[in-house]
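In this chain, numbering begins with 1 at the start of the sequence shown.
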Amino acid sequence: MNSTNNFFWSSRFEHNYKKLSTENKEKINKALLKMEENLYYSSLGVKKIKGVPNIWEARASQSLRITFTLEKNGVYLRTVGQHNILKNP
């Protein structure tokens, strides 16, 4: 999945995205554009979350994270928010 990924927003992702500040939404939007071009773009720091099967994280900033799973038909966006979302990805 390195070019033109399909993204599917979970209801949790959508709910948490709406609660973000305008500034943080812009950071998330930029990260999603990078993920669409190249899921493994270096500044995203994409990596598997330890101790949780098949859930990945990407960085939108030093403190903002996106969690997702890789599905056959695209990228399923699970949640978004501050670094602490990794406690319940």
Side-chain angles (χ1 to χ4, degrees):
M1 286 192 192
N2 278 339
S3 62
T4 317
N5 294 307
N6 291 317
F7 289 96
F8 304 95
W9 292 32
S10 69
S11 58
R12 182 176 170 205
F13 185 94
E14 187 172 354
H15 175 78
N16 290 336
Y17 178 86
K18 287 179 181 178
K19 294 185 339 184
L20 295 173
S21 69
T22 301
E23 180 182 342
N24 284 343
K25 284 179 184 175
E26 289 174 7
K27 291 177 182 178
I28 294 297
N29 292 342
K30 286 180 183 178
L32 291 174
L33 286 172
K34 287 179 184 176
M35 288 173 71
E36 185 176 27
E37 288 178 23
N38 180 354
L39 191 57
Y40 301 102
Y41 191 86
S42 63
S43 70
L44 295 170
V46 170
K47 63 181 180 180
K48 271 189 150 179
I49 298 176
K50 292 181 182 176
V52 185
N54 304 319
I55 300 178
W56 296 72
E57 72 169 284
R59 290 188 314 249
S61 72
Q62 191 171 7
S63 62
L64 282 173
R65 299 293 186 271
I66 299 167
T67 65
F68 61 94
T69 57
L70 300 175
E71 307 295 334
K72 289 180 184 178
N73 56 347
V75 178
Y76 182 76
L77 301 170
R78 296 176 50 86
T79 193
V80 61
Q82 299 297 319
H83 190 264
N84 62 356
I85 65 164
L86 299 178
K87 293 178 184 174
N88 185 18

**Asked** If you measure from OG on Ser21 to CG on Leu64, what distance do you get to the nearest 0.5 Å?
**Response** 7.5 Å
**Fill in**
Rounding to 0.5 Å, atoms CD (Glu36) and CG (Asn6) come to a distance of 8.5 Å
**Request:** Show your reasoning for whether side chain to side chain contact (heavy atoms under 4.5 Å, CB included) applies to Leu70 and Asn54.
**Result:** CA-CA 7 Å; Leu70 300 175; Asn54 304 319; over 6 Å; no
**Request:** Output, in order, the C-alpha distance, side-chain angles, deciding distance and verdict of salt bridge (Lys or Arg N to Asp or Glu O under 4.0 Å) for Lys30 and Glu26.
**Result:** CA-CA 6 Å; Lys30 286 180 183 178; Glu26 289 174 7; 5.8 Å; no
Taking all atoms of both residues into account, what is the closest heavy-atom pair of [X] and [Y], and its distance?
X: Phe13; Y: Val80; result: CE1-CB, 3.5 Å
X: Asn73; Y: Phe8; result: O-CE1, 3.4 Å
X: Ala60; Y: Lys27; result: CB-O, 3.8 Å
X: Met35; Y: Ala58; result: SD-CB, 4.1 Å
X: Arg78; Y: Ser10; result: O-OG, 2.7 Å
X: Asn38; Y: Leu44; result: O-CD1, 4.0 Å

**Prompt:** Has the side chain of Arg65 got a donor or acceptor atom that lies under 3.5 Å from a matching backbone atom of Gln62?
**Reply:** yes
Does a donor on one side chain sit under 3.5 Å from an acceptor on the other, for [X] and [Y]?
X: Asn29; Y: Tyr17; value: yes
X: Asn16; Y: Thr79; value: yes
X: Glu57; Y: Thr67; value: no

**Request:** Kindly determine whether Ser43 and Lys34 satisfy side chain to side chain contact (heavy atoms under 4.5 Å, CB included), including the steps that lead there.
**Result:** CA-CA 9 Å; Ser43 70; Lys34 287 179 184 176; 3.3 Å; yes
**Connected via hydrophobic side-chain network under 4.5 Å: Tyr76 and Tyr40** = no
**Asked** Hey, mind stepping through Glu14 and Leu77 against side chain to side chain contact (heavy atoms under 4.5 Å, CB included) and telling me if it holds?
**Response** CA-CA 9 Å; Glu14 187 172 354; Leu77 301 170; over 6 Å; no
**Request:** Measure the acute angle between the ring planes of Trp56 and Phe68, then classify it against the limits of 30° and 60° as parallel, tilted or perpendicular.
**Result:** parallel
